[in-house]
Amino acid sequence: MITPIADAFLDSTPMVAITAQVGSSLIGRGAFQETDVFGMTAPIVKHSYLVTRLEDIPRIVREAFYLASTGRPGPVVIDVPKNLQEGRFVPDFDVEMDLPGYISEPACNEETVKSVIPMILAAERPAVYAGGGVVSAGASAELLEFAELTQIPVATTLMGIGSMPETHPLSLRWLGMHGAVYANNAVNEADLVIALGTRFSDRVTGDVSSFCPHAAIVHVDLDAAEINKNKKVQHPVRSDVLQILKIWNRELVSMGYRRKRYNPSVRPEWFRKIDAWKAEYPFSYEHRKECIMPQQIVEELYRQTKDRDVILTTGVGQHQMFAAQFYPFDKPRHLATSGGLGSMGYGLPAAMGAQVAFPDRLVINIDGDGSVLMNIQELATLHVEQLPVKCIIFNNQHLGMVVQWEDLKYDSNRAQTFLADPHAGYDPSHRVPSLIYPDFPTICAGFGVACERIVDPTELSAAITRMIESDGAYVLDVMIPHDVHVLPMIPGGMSYQDVVLERIAGDGKGRKASDLGRELPSAL
């Protein structure tokens, strides 16, 4: 449970974990299987409980779910000794909670909140930087209203995807290490940045000292610990994002502002620059006739599902970034992915949870051949519970994201990133090896789950259709080349100006990509 608890903590996901402990009399004595769950999880939970009295269980459970789901959401652990698990008592389910000092939603001074509106309206190059807090607050509709009232473009984080419709003309999609160039440019060259429910993660900021160097920053966040933690801001506002946006929108309407889908005449120079960036730096990729490209899979999936209420989950790796880049999300909570911890293996169990919560919706897990193996045993759960989860495996026989870094930094030297059978040979043409290992169709057959493998690009469209229209769980194993990089890419610790736009690798003579000149920042 440690990894999913940490994942929930970093992504502000509400979660209650009920864990088992040795009997109360044995705690601290090194008994069989004793593990200090309370202590081990302390740094990665919102709160922890060790149950010591049976009578406390109704109150503790009620408090745990309240703490996990209010304020900034997060995980709560309830550790239950074995003797109390087996105890009997008459519960009082109407017991009151006892949470002294806990404030789920701090009050805000409405006049202080309104005072920043003149600055927002006066900005010549404003941008909104929206994080997962907008989704958690249920403030997506209010964010769209604010954007259309003010005509301010919106970039989101990976966790904020869908909080602003990505097909909307005011959307900048998402920013960060593998985000849109135009999103990174707009936020970093803005004179005012309105940061909503976000924590200025290093995956977004790169070199934080050079992030938004000329902008005044308004930072709205529910968690006081996040304000001025990573980035010093001029206008901190500790409050619920939904409450703040409602106040701003109400005030703007009272001032005579009306919603418009897109009116670039409000700031013509700023929108001309943004539109030029969008035209010059769209998400794009190399098309190859002889093989299926990973981005091509996502584009075809979007074409076939864009009019359906689909939920996508992902593992972690290149496929995760390709899914976020090439599938435009117009609604929140339609993408479930591991952001802060980057946990390989997240996609399949997340898809199962989504399918249980929404049994009538199409749920598709986009995964990698490395990532899916982390929880491959859950195929048994899909079969036993009859969950019709669909899974697309981007199978490049490698740990693709690590391979990308090996190409960039280590002259393409491989260190346990080649996942296929070494006896099958290594084909430099990047075609499918004669022996594909592991053999996912055989694995799936063993679990009673339908699976097919495709290699030829002409097979892609029909195969995705068969997957979508299948009655039960279905795995589509798609063979793709391993030499594809996720681009654009801002190398860790660098700024948006150091973005890599083209695939770079070593020259085969023992020199790293970082030694090959200005193409890649030498600091990499």
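The backbone N or O of F329 sits less than 3.5 Å from a side-chain atom of E166, completing a donor-acceptor pair. No donor-acceptor pair closer than 3.5 Å links the side chain of H485 to the backbone N or O of E502. In this structure, W277 contributes its side chain and A180 its backbone to no donor-acceptor pair below 3.5 Å. In this structure, the side chain of Q234 engages the main chain of I217 through a donor-acceptor pair within 3.5 Å. Under a 3.5 Å cut-off, the side chain of D11 and the backbone N or O of G340 do form a donor-acceptor pair. Although no hydrogens or angles enter the test, the distance criterion places no donor-acceptor pair under 3.5 Å between the side chain of D240 and the main chain of E105. No donor-acceptor distance shorter than 3.5 angstrom exists from the side chain of T35 to the backbone of V37, with no hydrogens or angles considered.
Close placement of the F326 and Y285 rings is indicated, their centers lying within 6.0 Å of each other. Ring centers of Y182 and Y281: at least 6.0 Å apart, outside the cut-off. A ring-centre distance under 6.0 Å is found for H398 and F418.
K278 NZ: more than 12 foreign heavy atoms inside a 6.0 Å radius. Atom CD of Q416 is surrounded by 12 or fewer heavy atoms from other residues, nucleotides or ligands within 6.0 Å. For K229, the NZ atom sits in a packed shell: over 12 heavy atoms of surrounding residues, nucleotides or ligands are nearer than 6.0 Å.
Taken to the nearest 0.5 Å, the CG atom of D330 stands 3.0 Å off from the OG1 atom of T167. Summarising the geometry, atom OG1 belonging to T305 is positioned 8.5 Å from atom CD1 belonging to I464; distances are rounded to the nearest 0.5 Å. Between M467 atom CE and K390 atom NZ the span is 8.0 Å, to the nearest 0.5 Å. One finds the CD1 atom of I364 at 10.0 Å from the CD atom of Q355 (value rounded to the nearest 0.5 Å). Annotation: the span from L382 atom CG to Q377 atom CD amounts to 10.5 Å, rounded to 0.5 Å.
Contact between A420 and Q397 at its shortest, heavy atoms only, is CB-OE1, 2.8 Å. The two residues N413 and E406 come nearest to each other via the heavy atoms O-CD, 3.2 Å. Counting all heavy atoms, side chain and backbone alike, S48 lies closest to T41 at OG-OG1, 3.9 Å. For the residue pair L379 and C444, the shortest heavy atom distance occurs at CD1-SG, 3.9 Å. Nearest heavy atoms, L487 versus R503: CD1-N, 3.4 Å. In plain terms, the two heavy atoms of C108 and S239 that are nearest each other are CB-OG, 3.6 Å.
With a 4.5 Å cut-off on side-chain heavy atoms, L335 and T314 count as touching. By the 4.5 Å heavy-atom criterion applied to side chains, L312 and V363 are not counted as neighbours. Side-chain contact check for P75 versus T13: every heavy-atom pair is 4.5 Å or farther apart. Looking at I194 and P126, their side chains never come closer than 4.5 Å, going by heavy atoms from C-beta outward. Residues L143 and V128 are in side-chain contact: their nearest non-hydrogen atoms beyond the backbone lie under 4.5 Å apart. Counting only heavy atoms from C-beta outward, the side chains of V233 and F200 approach each other to under 4.5 Å. Taking the side chain as every heavy atom from C-beta outward, V478 and F394 never approach each other to under 4.5 Å. Annotation: side chain of Y410 is not in contact with side chain of W405 (no heavy-atom distance under 4.5 Å).
Of the candidates V372, V389, I392, I393, I393 is the only one forming a side chain to side chain contact (heavy atoms under 4.5 Å, CB included) with V475.
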Requested in this report: Before giving the answer on side chain to side chain contact (heavy atoms under 4.5 Å, CB included), spell out for T157 and R203 the whole-Å C-alpha distance, their side-chain angles and the decisive distance to 0.1 Å.
Outcome: CA-CA 9 Å; T157 64; R203 297 292 92 172; over 6 Å; no
Report task. Let me see the working for Q325 and W174 under side chain to side chain contact (heavy atoms under 4.5 Å, CB included), right down to the final yes or no. Result -> CA-CA 8 Å; Q325 287 180 343; W174 54 285; 3.7 Å; yes
Requested in this report: Please lay out, stage by stage, how L245 and E145 fare under the test side chain to side chain contact (heavy atoms under 4.5 Å, CB included).
Outcome: CA-CA 9 Å; L245 286 172; E145 180 182 1; over 6 Å; no
Requested in this report: Please step through side chain to side chain donor-acceptor pair (under 3.5 Å) for the pair Q304 and E300, ending with a clear verdict.
Outcome: CA-CA 6 Å; Q304 295 196 31; E300 178 61 26; 2.7 Å; yes
Report task. In sequence, state the C-alpha distance, the side-chain angles, and the governing distance for L419 and L399, and then conclude on side chain to side chain contact (heavy atoms under 4.5 Å, CB included). Result -> CA-CA 7 Å; L419 302 181; L399 295 176; 3.9 Å; yes
Report task. Could you go through the salt bridge (charged side-chain N to carboxylate O under 4.0 Å, His left out) check for D221 and R72 one step at a time? Result -> CA-CA 9 Å; D221 203 283; R72 179 178 180 174; 5.1 Å; no
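The closest side-chain donor-acceptor pair between D207 and S495, if any, does not fall under 3.5 angstrom. Q318 and Q404 share a side-chain donor-acceptor pair at under 3.5 Å. Side-chain atoms of Q295 and E299 include no donor-acceptor pair closer than 3.5 Å. Side chain to side chain, Q320 and T337 meet the donor-acceptor criterion of an N or O pair below 3.5 Å. Inspection of the N365 and D367 side chains reveals an N or O donor paired with an N or O acceptor under 3.5 Å. Side-chain polar atoms of Y496 and E189 form a donor-acceptor pair below 3.5 angstrom. A donor and an acceptor atom, one from each side chain of H214 and D191, are nowhere located under 3.5 Å apart. Side chains of Y129 and T156: a donor-acceptor N/O pair is absent below 3.5 angstrom, by distance only. A side-chain N or O of K46 and one of Y102 form a donor-acceptor pair less than 3.5 Å apart. Checked by atom type, the side-chain pair Y346/S371 shows no donor-acceptor distance below 3.5 Å.
Taking the charged nitrogens against the carboxylate oxygens, R267 and E269 have no contact shorter than 4.0 Å, which rules out a salt bridge. In this structure, D483 pairs ionically with R288, as a charged nitrogen and a carboxylate oxygen lie closer than 4.0 Å. The residues D407 and R414 are annotated as salt-bridged, a charged nitrogen and a carboxylate oxygen being separated by less than 4.0 angstrom. For the pair R199 and E226, the salt-bridge criterion is not met [side-chain N within less than 4.0 Å of a carboxylate O].
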